[in-house]
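Here it is, the structure in full.
As the structure is a computational prediction, the values presented were derived from the model and not from experiment. Proteins come first, then strands; the chains are lettered A, B, ... in the order of their sequence lines, and each starts at number 1.
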2 protein chains.
Amino acid sequence: MQFSKSTDYALHAIIHLGHSQRCNNVGIRELSGILGVSESYLSKIMSKLRQDGIVRAVPGVNGGYELARPADQITFLDVIQVIEGRQQLFECSNSSSQQHQLLAEEGAVQRDQKYPGKACLVEKVMNGAEQQLHQYLREHTIQSVLDEAFKRCSHDVNKK
Amino acid sequence: MQFSKSTDYALHAIIHLGHSQRCNNVGIRELSGILGVSESYLSKIMSKLRQDGIVRAVPGVNGGYELARPADQITFLDVIQVIEGRQQLFECSNSSSQQHQLLAEEGAVQRDQKYPGKACLVEKVMNGAEQQLHQYLREHTIQSVLDEAFKRCSHDVNKK
DNA sequence: ATTATTATAGATCTTTATTGTCCATAATAA
DNA sequence: TTATTATGGACAATAAAGATCTATAATAAT
Ligand code: SF4
Ligand code: SF4
């Protein structure tokens with residue numbers, strides 16, 4: 001299990017947009033050059049990011065992309081979920097098996113929406129783990145990375 | 001990004017073994033029947049679990065599988081990593097891109113083994129998140145699920 | 001020792017997901 | 001109006017997951 005390359009690209013693209021906030025929009029050409037990915041492929045990713053409200057896009061001369069909201073309001077989780085989707089990390093495929101009887105509470109079969117507390121014991125652990133992951137990714141914003149990069153940078157300057 | 005079905009099968013197989021500890025070995029036939037998976041496919045999974053020292057296998061009459069160590073010493077992470085592997089959740093593919101300069105410390109390119117503290121800023125976040133996930137999965141053992149299932153069960157009996 | 005039983009390893013196939021390209025179209029600012 | 005830029009659909013290549021079959025090796029019971 002790994003994050004896809006697209007997630008990698010999306011994160012770096014967003015970070016670059018965050019870094020170029022003051023300037024004009026950033027076109028797909030520039031972006032693709034900096035990330036080292038083809039324009040066609042990257043544009044698919046940017047399109048998704050726009051559909052999910054992470055970036056704004058404007059066509060035409062001097063068009064391009066910009067962040068749809070301040071970088072401190074864009075979390076890693078936000079970006080990752082655009083690409084990876086929002087399904088659960090663990091989805092049981094055999095809830096009709098014999099074992100299920102032992103491990104699941106009554107009513108746990110139709111567990112998707114309404115009874116979060118009634119998940120089976122396996123899902124309880126797996127979903128718990130996923131929550132830990134999400135929590136951490138929610139706590140880290142694009143801005144926090146930008147800040148740290150700037151800190152490092154100025155520290156380097158002081159050294160010299 | 002999702003856990004594979006194989007991980008699902010592996011977890012359930014191990015749980016069943018833990019549940020049948022007192023009795024004899026559990027053959028692939030019984031196991032496959034209970035999980036609702038083909039024998040051939042499941043045997044591949046069991047083989048991996050054996051190679052990684054999670055279960056013991058004995059061929060021949062009355063052979064089968066049993067846990068290689070007590071269920072309270074088998075964590076969810078143990079089982080999951082057998083199937084999903086041990087690569088990092090996030091592996092950067094373009095550390096030669098222009099962006100890399102900004103985000104990575106010096107020496108961060110050859111980051112794999114020796115400089116865990118020097119990872120780049122993106123990896124720092126992503127690896128941190130992975131650690132959260134792993135920590136949680138490490139804290140939950142097969143036995144803990146068994147215990148809880150038993151608790152529920154006896155609670156149900158009391159009700160009746 | 002023989003035999004029936006069981007796990008193992010290899011080859012192979014299908015299906016699904018990821019990664020990637022190309023092109024025609026729509027939108028926009030100059 | 002036009003040059004420019006993003007968008008969406010179709011498509012292809014590759015890789016990974018899911019699954020099956022078969023021949024072989026190991027073992028316990030006889
Ligand atoms: S116990 Fe949970 S994970 Fe297992 S089969 Fe039932 S629903 Fe699925
Ligand atoms: S900054 Fe980190 S994630 Fe980004 S390219 Fe460099 S090594 Fe990869």
Atom CG of B:L35 and atom C1' of D:dA19: how far apart are they, to the nearest Å?
15 Å
Taking atom NE2 of B:H19 as the centre, report whether more than 12 heavy atoms of other residues, nucleotides or ligands fall under 6.0 Å from it.
no
Respond yes when some side-chain nitrogen or oxygen of B:S47 is under 4.0 Å from OP1 or OP2 of C:dA9, and no when none is.
yes
Would you confirm whether A:Q132, through its side chain, and B:L133, through its main-chain N or O, come within 3.5 Å as a donor-acceptor pair?
no
Answer yes or no: does a side-chain N or O of A:Q51 lie under 4.0 Å from OP1 or OP2 of D:dG8?
yes
Starting from C1' on C:dT8, measure out to CG on B:L49 and report it in whole angstrom.
14 Å
Within this structure, what is the CD-to-P distance between B:E66 and C:dT6, rounded to whole angstrom?
16 Å
Rounding to a whole Å, what distance do you find between B:Q87:CD and D:dA16:C1'?
12 Å
Nearest whole Å is fine: how far is D:dT5 P from A:L31 CG?
14 Å
Within 6.0 angstrom of B:R138 CZ, more than 12 heavy atoms from elsewhere:
yes
Going from CD1 on A:I83 to CG on A:L11, what distance comes out if it is rounded to the nearest 0.5 angstrom?
8.5 Å
Main chain of B:N25, side chain of B:N62: is a donor-acceptor contact present, judged purely on distance under 3.5 Å?
no
Rounded to whole Å, CE of B:M46 lies from P of C:dT8 at a distance of 8 Å
What distance separates B:Y65 OH from B:S47 OG, expressed to the nearest 0.5 Å?
6.0 Å
So, does A:R29 get its side chain near the phosphate of D:dT5, meaning an N or O under 4.0 Å from OP1 or OP2?
yes
Write down the distance between CG (B:N25) and C1' (C:dT6), rounded to a whole number of angstrom.
11 Å
For the pair made of CG in B:L42 and P in C:dA9, what is the distance, rounded to whole Å?
15 Å
Taking protein heavy atoms under 4.0 Å as touching, what does nucleotides 16-30 of chain C look like 5' to 3' if B marks base contact, S marks sugar-phosphate-only contact and - marks none?
---BBBB----BBS-
Contact check, side chains of B:E39 and B:R29, non-hydrogen atoms, under 4.5 Å
yes
Complementary nucleotide for C:dA7 - Watson-Crick or wobble, under 3.5 Å
D:dT24
Within the structure, does a side-chain N or O atom of B:R50 lie under 4.0 Å from either OP1 or OP2 of C:dA7?
no
